[in-house]
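Following: one structure in structure tokens, then a few remarks.
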Amino acid sequence: MKIRVGHLYPDYLNIYADRGNIAVLDARARARGHELAVRALAMGDPVPVAEIDLFYVGGGQDREQALVAVDLAAKGPALAEAVARGSAFLAVCGGYQLLGRSYRDRAGVELPGIGLLPLHTIAGERRMIGDVLLWCDWAGHTLAGFENHAGRTHLDPGAEPLGRVLAGFGNDGESGYEGCRAGRVYGTYLHGPLLPRNGWFADRLLADALAHATGEEQELPLLPDELEAEAHAVSSERARRRGGRF
Ligand code: GLN
């Protein structure tokens, strides 16, 4: 099966090796006999609403976010339509912030978000940096990664977080939660890149993308994942040692 990925602003939002997430999706798709077809969705490009199974946007500094925010806002209605039709979406850090209603950066400039996730973000003084470990109750798995953000993300009442913080700061350093998920849309602060050390989550994204492509929910056969499990253990241990507060 061809799994069609729309990679938003790969030249602008690609901090902390977030591009590695695409490489992992490609390898894990091929391991099951599928093909990942990735197309860049750059500034000014239209969004091929019915032709993308999974959208992806990485993280970036305030400057890069400001460079793409207006273009992303223009893409917003088409992205919302694609998600309403069942496309999946992974947004990391700066990209995650712009999937909410707005991001007020360190200079106090309010950038428009596209409102795909029920949240808003306001940058604070001290950056939240370090290894993170989450418990994702909805999946029965831990999620390990690295965070580096000034943004404090506030979920609307009733919004679903991606996970509960076991170690690290998470969305705002106070709520005890990190990220946000709504249907097949997932936002998170976790870099690393995220997916090499969290094979289960990469497979969740591939299953969601295949469900969009085929119209049927999918279960992917498990992979051995020895290296991935080792990477997860190292990342988790680092987070636990850190504890994770200012
Ligand atoms: N510029 C945003 C912040 O500082 C996002 C950073 C990132 O993508 N790592 O919160």
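Order of listing sets the numbers, starting from 1, for every ligand and every atom in it.
Using a 4.0 Å cutoff on heavy atoms, R127 counts as a contact of ligand 1. Residue-ligand proximity: Y16 is placed with a non-hydrogen atom under 4.0 Å from ligand 1. Using a 4.0 angstrom heavy-atom cutoff, R106 does not count as in contact with ligand 1.
Judged by distance alone, the side chains of T121 and H154 never bring a donor and an acceptor atom under 3.5 Å apart. When only modelled atom types and interatomic distance are considered, Y56 and N21 share a side-chain donor-acceptor pair under 3.5 Å. Under 3.5 Å, the side chains of Y103 and D62 contain a donor-acceptor pair of N or O atoms.
Among all non-hydrogen protein atoms, the one lying nearest atom 2 (C) of ligand 1 is Q65 OE1, 3.1 Å. The protein non-hydrogen atom at the shortest distance from atom 5 (C) of ligand 1 is G60 O, 3.3 Å.
Contact annotation for Y103 and ligand 1: only side-chain heavy atoms (C-beta onward) come within less than 4.0 Å of the ligand. Both the backbone and the side chain of D62 come within 4.0 Å of ligand 1, counting heavy atoms alone.
Evaluated by nearest non-hydrogen atom to atom 3 (C) of ligand 1, the leading choice among G95, G58, A150, C93 is A150.
A salt bridge links D131 and R238; the closest N-O separation between the charged side-chain nitrogens and carboxylate oxygens is under 4.0 Å. Look at K75 and E81 and you find no salt bridge, because none of the NZ, NE, NH1 or NH2 atoms lies under 4.0 Å from a carboxylate O. Ionic pairing of R104 and E110 is present here: one or more N-O contacts between side-chain nitrogen and carboxylate oxygen are shorter than 4.0 angstrom.
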